[in-house]
Amino acid sequence: MGGREGTGGGVGRLSRPFDREILSGPVLTAARELLGAVLEVDGPRGTVAVALSEVEAYAGMVDPASHAYRGRTARNGVMFGPAGFLYVYFVYGMHWCCNVVCGPEDEASAVLLRAGRVVAGEELARARRPAARSTTELARGPARLASTLGLVGTDTGTDLLDPASAIRLLTGTRVPDAAVRHGPRVGVAVAADVPWRIWVDGDPTVSPYRPNTRRRRIPT
DNA sequence: CCATTGATCGTCT
DNA sequence: GACGATCAATGGT
């Protein structure tokens, strides 16, 4: 993928690529295992890495909240491929959000990366996110996480498990079962009752919960 | 702390 | 043409 230069910095040499077999299995299992994993991104200004503290599972074509629910489109095509690839989409006219494609090929499941802790490249992360008032806010929420890492739509399709990629998913510190919490997904208008949001209990980098608020446009 | 609201545009109906 | 897998600013408790 074009545009990114490897810098060799960050935490890469301390970790290994995440296991594609785990990502290729049931999406809920993959999501749970992604807690504590590290997403490391090289860019022209340096490397930033985030350890994941909150994720959300989307179960392909059988999940009304999934981008793949109504079948393959130009936007969601990468979701129908193998696990371990990046899917970045644009929402609300201004924000990017990142997913890792999970599950067997053609199932079109994905895990939304909702929040994490910056573990490398904090200076660059702060430059990208001047509104952040604390370190824990830098990647607290899916659009903030994408922004902190500098990820945009053209990064879609990157193989996160290829050590040569500029965007890499690495093993991190395992989160023990006792610290894993589940709850309803955030901001989704349908199937919000399914407890497929998964996070690290008590972690200050986890995003605040907001139920879906679909606001009507004011008639002119 | 909590609730409300404007911003802004790609995507799919 | 309507609607978001959201954020930041604002104002109240």
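The sequence lines fix the lettering, A, B, ..., with proteins before strands; numbering per chain opens at 1. What's counted below: heavy atoms across the whole structure, side chains too, no hydrogens, waters or symmetry copies.
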### Query
Does anything in residues 125-137 of chain A reach DNA chain C, meaning a heavy atom under 4.0 Å, and if so which residues?
A/Arg129, A/Ala131
### Task
Locate the shortest heavy-atom distance separating A/Val111 from A/Ala31; write the atom from each residue and the value.
CG2-CB, 3.8 Å
#### Entry: Rounded distance (Å) that lies between atom C1' of C/dA8 and atom NE2 of A/His95
8 Å
### Query
Which part of the nucleic acid, if any, lies within reach of A/Ala143 when heavy atoms closer than 4.0 Å are counted: base, sugar-phosphate only, or nothing?
sugar-phosphate
Table of protein N/O atoms under 3.5 Å from nucleotides 11-13 of chain B N/O atoms:
residue: B/dC12; atom: OP1; partner: A/Thr73; partner atom: OG1; Å: 2.3

### Task
Give the minimum heavy-atom separation between A/Asp19 and A/Leu161, together with the two atoms involved.
C-CD1, 4.4 Å
### Task
Write down the atom of A/Val101, the atom of A/Pro82, and the distance for their closest heavy-atom approach.
CG1-O, 3.5 Å
### Message
How close do A/Ile22 and A/Ala30 get, counting heavy atoms only, and between which atoms?
### Response
O-CB, 3.7 Å
### Message
What is the separation between atom CD on A/Glu54 and atom P on C/dT6, rounded to the nearest whole Å?
### Response
10 Å
### Message
Tell me whether the count of non-hydrogen atoms from other residues, nucleotides or ligands lying under 6.0 Å of CZ in A/Arg126 goes above 12.
### Response
yes
### Query
Atom OH of A/Tyr92 and atom C1' of C/dT6: how far apart are they, to the nearest Å?
6 Å
#### Entry: Listed partners of A/Arg70 passing salt bridge (Lys or Arg N to Asp or Glu O under 4.0 Å), at least two apart
none
### Message
Exactly one of A/Val88, A/Asp155, A/Leu149 should register a side-chain contact (heavy atoms from CB on, under 4.5 Å) with A/Ile167. Which one does?
### Response
A/Asp155
### Message
Measuring from the side chain of A/Arg144 (C-beta onward, heavy atoms only), which nucleotide among C/dC7, C/dA5, C/dT6 has the closest atom?
### Response
C/dC7
Under 3.5 Å, sequence neighbours excluded: what are the donor-acceptor pairs made by side chains of residues 55-67 of chain A?
residue: A/Glu56; atom: OE1; partner: A/Tyr58; partner atom: OH; Å: 2.7
residue: A/Glu56; atom: OE2; partner: A/Val186; partner atom: N; Å: 2.7
residue: A/Asp63; atom: OD1; partner: A/Ala65; partner atom: N; Å: 3.0
residue: A/Asp63; atom: OD1; partner: A/Arg185; partner atom: NH2; Å: 3.1
residue: A/Asp63; atom: OD2; partner: A/Ala59; partner atom: N; Å: 3.0
residue: A/Asp63; atom: OD2; partner: A/Arg185; partner atom: NH1; Å: 2.7
residue: A/Ser66; atom: OG; partner: A/Gly60; partner atom: O; Å: 3.2
residue: A/Ser66; atom: OG; partner: A/Ala68; partner atom: N; Å: 2.9
residue: A/His67; atom: ND1; partner: A/Tyr87; partner atom: OH; Å: 2.8

### Task
May I have the distance from A/Leu86 (atom CG) to C/dA5 (atom P), rounded to whole angstrom?
18 Å
### Query
With respect to the phosphate group of C/dC7, does any side-chain polar atom (N or O) of A/Arg210 fall under 4.0 Å of OP1 or OP2?
yes
### Query
Please give, in whole Å, the distance from C/dA5 C1' to A/Trp199 CH2?
16 Å
### Message
Could you spell out the base pairing of DNA chain B as a dot-bracket line? Use Watson-Crick and G-U wobble contacts where both distances are under 3.5 Å, [ ] for crossing pairs, | for partners on a different strand.
### Response
|||||||.||||.
### Task
Please go through A/Val206's hydrophobic cluster and name the other residues, only I, L, V, M, F, W, Y counting, with side-chain heavy atoms under 4.5 Å joining them.
A/Trp199
### Task
Decide yes or no, distance alone: a donor-acceptor N/O pair under 3.5 angstrom between the base of C/dA5 and the side-chain of A/Tyr89.
yes
### Message
Looking at every non-hydrogen atom in both residues, tell me the closest pair between A/Val48 and A/Gly121 and how far apart they are.
### Response
CG2-O, 3.5 Å
### Task
In whole angstrom, give the distance that lies between atom CE of A/Met94 and atom C1' of B/dT8.
4 Å
### Query
Which atom names give the shortest non-hydrogen contact between A/Ser165 and A/Arg168, and what distance separates them?
O-NH1, 2.7 Å
